[in-house]
Amino acid sequence: MTKPKVLITNGEIMNKVLDNLREKCELIICPELPYPSRKDILNRIKGVDAVFWCTKERLDTEMLDTAGPNLKIVSTMSAGYDHIDIAAVKSRGIKIGNTSNVLNASVAEIAVALALMAGRRLQEGRQVMERGAWEPGSPIWMLGHDLYGSTVGIVGLGNIGCEIAKRLKAFEISRLLYSGHSVKPAAAELGAQFVSFDDLLKESDFIIIACPLNDGTRNMFNDTAFSKMKKNAIIVNIGRGGVIDQPALIRALESGKIYAAGLDVMVPEPLPTDHPLLKLKNCVLIPHLGSATVRTRLAMADLAARNILAALDGKEMPSPL
Ligand code: DGY
């Protein structure tokens with residue numbers, strides 16, 4: 001019996017995860033390092049039954065058309081799916097799954113790390129030492145802002161937002177606010193108060209973006225939003241870069257309209273080395289490391305594989321979209 005064909009869009013997926021798939025499927029692996037181009041993927045996708053999508057390339061109608069009618073399963077090794085045309089996938093009766101939840105703790109840790117790095121000026125501190133500009137004993141040197149006693153606003157109290165909130169409790173913050181579509185049942189136990197986006201902007205000392213990118217959230221942090229924020233506000237983004245209007249953020253950071261930013265996500269990724277964001281001392285940047293731990297990436301790859309295997313067996317995926 002011929003095995004179903006599965007396209008793996010990145011050859012660096014841990015072997016022990018692929019072994020589970022290999023037993024039942026024929027694997028077509030994109031070997032290009034560090035990652036395949038769109039053309040490399042398009043060249044291999046024709047006729048496959050399933051795709052293990054481990055790339056930021058868009059999975060859109062061109063990809064689906066090139067794959068052809070055999071394609072029945074899409075499994076993305078990510079929680080986010082803004083790079084996938086979900087409507088197009090679903091309209092063709094293709095099953096789709098992601099890897100939500102297994103990365104929540106890792107991403108939440110990065111959110112807290114960025115809040116501390118940006119608030120306490122940790123990166124700048126290191127740079128000052130490298131320049132030999134350490135001013136010993138000055139009472140007003142390198143003053144930052146505590147998480148302790150602060151009001152923190154989380155935009156999007158989903159699964160990752162809740163994990164961030166849990167961790168923030170240990171920092172003895174004074175208030176936890178959140179905004180989004182609706183009141184979340186988990187909020188009461190976390191002591192989080194539902195407020196409008198406007199109130200969250202006006203009242204928060206730290207704002208953490210943990211919402212997905214979609215038509216409703218794209219560029220929601222624009223000049224108007226920044227002008228409502230406190231001067232001491234610190235903004236952290238672990239969602240998607242497109243939620244922030246980046247030129248507006250740069251203006252807000254340069255003019256001192258807000259205090260600092262900590263970004264795990266930005267536009268574009270990778271960010272060019274001459275990008276203005278990299279020139280701002282009050283902007284901490286890391287290269288989309290949210291889920292980048294050995295344990296979490298292994299769990300994500302494993303879940304993405306199980307989504308495919310379940311769908312091939314005609315069962316519900318463990319993490320359907
Ligand atoms: C995801 O899975 O969507 C995350 O952004 C990865 O870090």
Side-chain angles (χ1 to χ4, degrees), residues 8-10 12-14 17 34-36 41 51-60 63 73-86 89 96-115 117 154-165 167 180 207-221 235-244 246 261-271 277 284-308 317-321:
I8 315 281
T9 62
N10 193 304
E12 290 198 319
I13 300 294
M14 298 79 167
V17 172
Y35 46 81
I41 299 171
V51 290
F52 185 118
W53 204 251
C54 181
T55 168
K56 291 293 170 204
E57 284 304 327
R58 282 195 63 72
L59 181 41
D60 51 16
M63 276 290 171
I73 302 165
V74 168
S75 177
T76 180
M77 191 180 136
S78 63
Y81 45 85
D82 47 292
H83 56 314
I84 297 179
D85 186 340
I86 299 285
V89 168
I96 176 154
N98 71 343
T99 57
S100 30
N101 294 324
V102 291
L103 44 60
N104 296 350
S106 298
V107 179
E109 284 182 7
I110 284 288
V112 176
L114 285 171
M117 279 185 80
I154 299 183
V155 179
L157 197 68
N159 294 326
I160 292 176
C162 285
E163 291 301 315
I164 296 169
R167 282 153 182 80
I207 293 180
I208 303 181
I209 302 173
C211 61
L213 175 65
N214 53 44
D215 290 343
T217 61
R218 193 177 308 280
N219 288 335
M220 76 192 287
F221 282 85
I235 187 166
V236 168
N237 191 3
I238 52 82
R240 284 292 180 264
V243 176
I244 295 181
Q246 253 171 215
L263 311 177
D264 185 36
V265 287
M266 57 219 72
V267 182
E269 293 179 13
L271 197 71
L277 274 179
V284 176
L285 295 160
I286 53 172
H288 205 145
L289 297 179
S291 63
T293 69
V294 176
R295 181 165 61 183
T296 294
R297 284 287 163 83
L298 203 51
M300 290 168 75
D302 177 63
L303 181 51
R306 286 189 290 116
N307 277 338
I308 293 177
M317 289 180 169
S319 181
L321 272 175

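Numbers here are sequence positions counted from 1. Both ligands and their constituent atoms are indexed starting at 1 by order of listing.
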Side-chain contact test, heavy atoms from C-beta onward, threshold under 4.5 Å: evaluate it for Ile207 versus Val236 and give yes or no.
-> no
Sub-4.0 Å heavy-atom environment of ligand 1, residues by chain = Ser78, Ala79, Gly80, Leu103, Arg240, His288, Ser291, Met300
Answer whether the closest heavy-atom distance between the side chains of Trp53 and His83 falls below 4.5 Å.
-> yes
With a 4.5 Å limit on heavy-atom distance, are the side chains of Val112 and Glu109 in contact?
-> no
May I ask you to decide if Leu263's main-chain N or O and Asn237's side chain share a donor-acceptor pair within less than 3.5 Å?
-> no
Does some side-chain heavy atom of Leu285 sit less than 4.5 Å from a side-chain heavy atom of Met266?
-> yes
Could you give the distance from OG1 (Thr55) to CD1 (Ile8), rounded to the nearest 0.5 Å?
-> 13.0 Å
